[in-house]
A.B. asks: 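Below are the structure tokens for one structure; questions will follow.
Letters A, B, ... are given to chains in the order of the sequence lines, protein chains preceding strands, and every chain is numbered from 1.
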There are 2 protein chains.
Amino acid sequence: MGNVRVTVVDIAKAAGVSKSTVSLVLQGSPLVNEATRAKVTAVMRELGYVYNRGAANLRQSGANSKIIGVVVNDLTNGFFAELAVGVDMVVQSAGFVQFLANTSENLDRQREVIASMREHGISGLIVSPARGTKASDLKPLVAAGIPVVVAVRQVPGAKVSSIVSDNHDGLFAAVRHLVALGHRRIAFLGGFRDTAVFMERLQGYRDAMAGCDLTPDEALVIDAGPSRAGGFDAIGRALALADPPTAAVCFNDAVAFGACDGLRAAGIEPGKNFALIGFDDVIEAKTAVPALTTISVDPQGMGRRAAQLLLKQISAGKPEAEAIVASVRLVVRESCGAPARPETAQAPQAG
Amino acid sequence: MGNVRVTVVDIAKAAGVSKSTVSLVLQGSPLVNEATRAKVTAVMRELGYVYNRGAANLRQSGANSKIIGVVVNDLTNGFFAELAVGVDMVVQSAGFVQFLANTSENLDRQREVIASMREHGISGLIVSPARGTKASDLKPLVAAGIPVVVAVRQVPGAKVSSIVSDNHDGLFAAVRHLVALGHRRIAFLGGFRDTAVFMERLQGYRDAMAGCDLTPDEALVIDAGPSRAGGFDAIGRALALADPPTAAVCFNDAVAFGACDGLRAAGIEPGKNFALIGFDDVIEAKTAVPALTTISVDPQGMGRRAAQLLLKQISAGKPEAEAIVASVRLVVRESCGAPARPETAQAPQAG
DNA sequence: TTGTGTTTTTGGAACGTTCCAATAAAGATC
DNA sequence: GATCTTTATTGGAACGTTCCAAAAACACAA
């Protein structure tokens, strides 16, 4: 019943005006008389009219579908969920609607969802790319004039805007903190060497070590999966060294948790006999035992900024690429063995 | 540049056929000759054709937009993120694309996003409704013949399909477990009384108590916000009773964590001097100290089932409402003070 | 050859909107 | 009263696809 769609001409007929006038009302044009506008809107409400954006889109250049595509590589990871929420906030309040897809770090899936989004005529795309994403994956988008913002991870060679956290700075700060606590043998654990994020963090580690006049020892750089299992593995290898470290900075919090497990398995108590610092400040970092000292990035704020950046590009029309580096901060908790101090206040918005 | 869109007639011209033939190829019709199909697809690839679903949609009845709307009330909550991922899995592999929005428990926002989704012509909607959602909010959808599945929370009076976890059963199992451990004074903490979920869980609590010949004491039912703060508050009130409980089942894990805080503040060690059971099995439950005994529901599985249910309704055409109750299971960890036993194996898919 | 059946292909006419150029109505100015 | 502005309104032509009825092309038997 009532399955028949009510269109703009139905409204026009019922209100005694032309469809053009109704269209004008729809887009809030100042050309239409107030009385007419009132009548038309009344009729629209009465008949239960719903706007057909697809049809509108067809006629218009197609660029303004009011849809923003958001692609994340792992939605079950709280970090990316927060990111998506941040994007959603600003995107919604700008009258857009978010099209969110999860790729589970799968390149084929990512290609599919991006293609699907194109078919639906997104006005812009924010993507936290799956590992191994190439510039060529984003090429068609930019060729079609669709603004793209990559977040969290860079895509080398892609001529698109980006927002990433300050990986170098984060590791730098972590290492200096450990040095200040008296550590000399500091390892860098976890992460894949073939990623840009890894290399940036590694560089931060190296620069900090060098800046503190510590002899760099490449044996202390132990790559492994950026996961709990990887952390467990990495710390095991670190402890097996002839001259083992007394502290470690980890690629991310998951690695740090795995390292905790590994330390305990070796009879070492993290935060007491060994100092550990993570990266990300995931939600569990605060409540874990010991509470994890880590580099905090504000994922929701990052999402908001990514969205703002994208909207700016959409309205500007010209896709001038811009690169943002979101600042991070060290949150000192227990795992680094520092004397307990009150936790620093809630993060101001990054940047 | 190349900013000009390549359409089906461009393909037709280049391939030396009519646009109708190209359309046939597009929808994989068996009517078209293999040689022709090959030629057309080749040309499509060559010219970089992208399908315009909006246009297609316009001509078709509009019901098959291949978009599924997903609305959750709190995406930052791991439970709902997992739910969305579950939905995404089956929705994607069925060739649909997911439109995900977050309402942050805000009814106005929820109205907005649902309206926006309608404008885009979704084929179906899965919604984990914000608190206070009325049947009238979903009425227009079902009137328009759009299949709707509500998940996690019921919407009283709405004639739509639903999938919720077995709240009664979960609480029932939790209480019986505590009784088996020797507890007699068992409280029920947290949650808002005006929600259906609360009432179902409460009924499970009551039935279990009654089934164990324990005198029901309404003073032990302490409602409070379904949050950490609410849990802290509730346990405080519980301990202040003349005859305080020795154990508690909580409305959800957040309440349970708050109760832990409250117990410690009162010098009582949860899991040792007081038994606590949560509900949800959020990700932190496993790693908290003490590890939280809780009722586990498989949110991802729930999302998958919700999606399957919706897709069934979409293809069936007739929106015959169906109600699914997903089974839950008790996961015994440390907070209930039980003797440590190996954790039960990974959850089989609910139901 | 014609007839009959099967397989392929094809022009329009929709779908619901926006845009454009043009018109109508109403005031303002001479 | 005629002309010019300003303000509101309007019909048709798009947009890129699918659907329909019908035509063309082909195959084979009579």
Side-chain angles (χ1 to χ4, degrees), chain A residues 3-41 43-44 47-67 116 118-123 144, chain B residues 3-41 43-44 47-67 116 118-123 144:
Chain A
N3 236 354
V4 58
R5 188 148 52 175
V6 26
T7 82
V8 90
V9 303
D10 297 324
I11 303 295
K13 214 165 296 177
V17 297
S18 80
K19 60 184 163 45
S20 303
T21 305
V22 178
S23 174
L24 255 13
V25 171
L26 241 22
Q27 29 204 152
S29 162
L31 292 184
V32 50
N33 183 299
E34 271 318 313
T36 315
R37 182 194 308 281
K39 165 145 221 172
V40 170
T41 45
V43 173
M44 288 199 311
L47 298 193
Y49 170 74
V50 343
Y51 184 66
N52 186 334
R53 217 173 268 273
N57 217 56
L58 184 55
R59 186 59 175 85
Q60 292 168 330
S61 42
N64 48 354
S65 63
K66 293 295 185 183
I67 303 181
S116 180
R118 280 204 70 188
E119 291 186 359
H120 283 101
I122 51 173
S123 321
Chain B
N3 238 352
V4 58
R5 189 147 53 176
V6 27
T7 84
V8 90
V9 303
D10 297 324
I11 303 296
K13 214 165 296 176
V17 297
S18 81
K19 61 181 164 46
S20 303
T21 304
V22 177
S23 175
L24 255 13
V25 170
L26 240 23
Q27 28 203 157
S29 163
L31 292 183
V32 51
N33 183 298
E34 272 317 314
T36 315
R37 181 195 308 282
K39 165 146 220 168
V40 170
T41 44
V43 173
M44 288 199 311
L47 298 193
Y49 170 73
V50 343
Y51 185 65
N52 185 334
R53 217 173 269 274
N57 218 53
L58 182 55
R59 185 57 175 82
Q60 292 168 333
S61 41
N64 47 355
S65 63
K66 294 296 185 182
I67 303 181
S116 178
R118 280 204 70 190
E119 290 186 0
H120 282 101
I122 51 173
S123 319

A.B. asks: Please pick, from D:dG16, D:dC19, D:dA13, the nucleotide with the shortest atom-to-atom distance to any side-chain atom of B:R5.
C.D. replies: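 Shortest atom-to-atom distance from the side chain points to D:dG16.
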A.B. asks: From the set D:dT9, C:dT18, C:dC15, return the single nucleotide nearest to any side-chain atom of A:L26.
C.D. replies: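 Among the listed nucleotides, the one closest to the side chain of A:L26 is C:dT18.
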A.B. asks: Roughly, in whole Å, what's the span from CD1 in B:I11 to P in D:dT17?
C.D. replies: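 About 9 Å, once rounded to whole Å.
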A.B. asks: Rounded to the nearest 0.5 Å, what's the gap from CZ on B:R53 to CG on A:L58? Could you check?
C.D. replies: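 It comes to 15.0 Å.
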A.B. asks: Side chain of B:R59, base of D:dT17: donor and acceptor closer than 3.5 Å?
C.D. replies: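 Side chain to base: no pair present.
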A.B. asks: Between atom CG in B:L58 and atom P in C:dT18, what is the gap in whole Å?
C.D. replies: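 One finds 12 Å between P of C:dT18 and CG of B:L58, rounded.
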A.B. asks: Can you find a side chain N or O atom of A:S23 that sits less than 4.0 Å from OP1 or OP2 on C:dC19?
C.D. replies: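 So the side chain of A:S23 is outside the cut-off, no N or O lying under 4.0 Å from OP1 or OP2 of C:dC19.
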A.B. asks: Round to the nearest Å and state the distance from B:R53 atom CZ to D:dT18 atom C1'.
C.D. replies: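 Spelled out: CZ on B:R53 to C1' on D:dT18 is 14 Å.
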A.B. asks: Rounded to the nearest 0.5 Å, what's the gap from CD1 on A:I11 to CG on A:L47? Could you check?
C.D. replies: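 Output value for this atom pair is 4.5 Å.
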A.B. asks: Which nucleotide in the set C:dC15, C:dC19, D:dT18 lies at the smallest distance from any side-chain heavy atom of A:S20?
C.D. replies: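 The nucleotide sitting nearest to the side chain is C:dC19.
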A.B. asks: What is the distance, rounded to the nearest whole Å, between atom NZ of A:K19 and atom P of C:dC20?
C.D. replies: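 Rounded to whole Å, this separation is 14 Å.
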A.B. asks: Looking at D:dC19, C:dT17, D:dT10, which one has an atom nearest to any side-chain atom of B:Q60?
C.D. replies: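 In terms of side-chain proximity for B:Q60, the closest of D:dC19, C:dT17, D:dT10 is D:dC19.
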A.B. asks: State which of C:dT10, D:dT10, D:dG11 makes the closest approach to the side chain of B:L24.
C.D. replies: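 It is C:dT10.
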A.B. asks: Side chain of A:N52, heavy atoms from C-beta onward: which of C:dG16, C:dT9, D:dT17 has the nearest atom to it?
C.D. replies: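 Of C:dG16, C:dT9, D:dT17, C:dG16 is nearest to the side chain of A:N52.
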A.B. asks: Give the nucleotide from the list C:dT17, C:dT18, C:dG16 with an atom nearest to the side chain of A:Q27.
C.D. replies: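 Ranking C:dT17, C:dT18, C:dG16 by closest atom to the A:Q27 side chain puts C:dT18 first.
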A.B. asks: If you compare every side-chain N and O of A:S18 against the phosphate oxygens of D:dT9 (OP1, OP2), does one of them come in below 4.0 Å?
C.D. replies: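 Answer is no, no contact under 4.0 Å.
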A.B. asks: Which one, D:dT18, D:dG16, C:dT8, comes nearest to the side chain of B:N33?
C.D. replies: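 Nearest to the side chain of B:N33 among the choices is C:dT8.
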A.B. asks: Toward the 5' end of DNA chain C, which comes first, B:T36 or B:A55, by nearest nucleotide?
C.D. replies: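 Result: B:T36.
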A.B. asks: Distance check needed: C:dT6 C1' versus B:L31 CG, whole Å only.
C.D. replies: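 Interatomic distance, CG of B:L31 to C1' of C:dT6: 11 Å.
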A.B. asks: Rounded to the Å, how far apart are A:K13 NZ and D:dG11 C1'?
C.D. replies: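 Going from A:K13 (NZ) to D:dG11 (C1'), I get 14 Å.
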A.B. asks: Do B:K39 and B:V17 make a side-chain contact, defined as non-hydrogen atoms from C-beta onward lying under 4.5 Å apart?
C.D. replies: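 B:K39 does not reach B:V17 side chain to side chain.
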A.B. asks: Give one of base, sugar-phosphate or nothing for B:T7, where a contact means two heavy atoms less than 4.0 Å apart.
C.D. replies: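 Since only primed, P, OP1 and OP2 atoms lie under 4.0 Å of B:T7, the category is sugar-phosphate.
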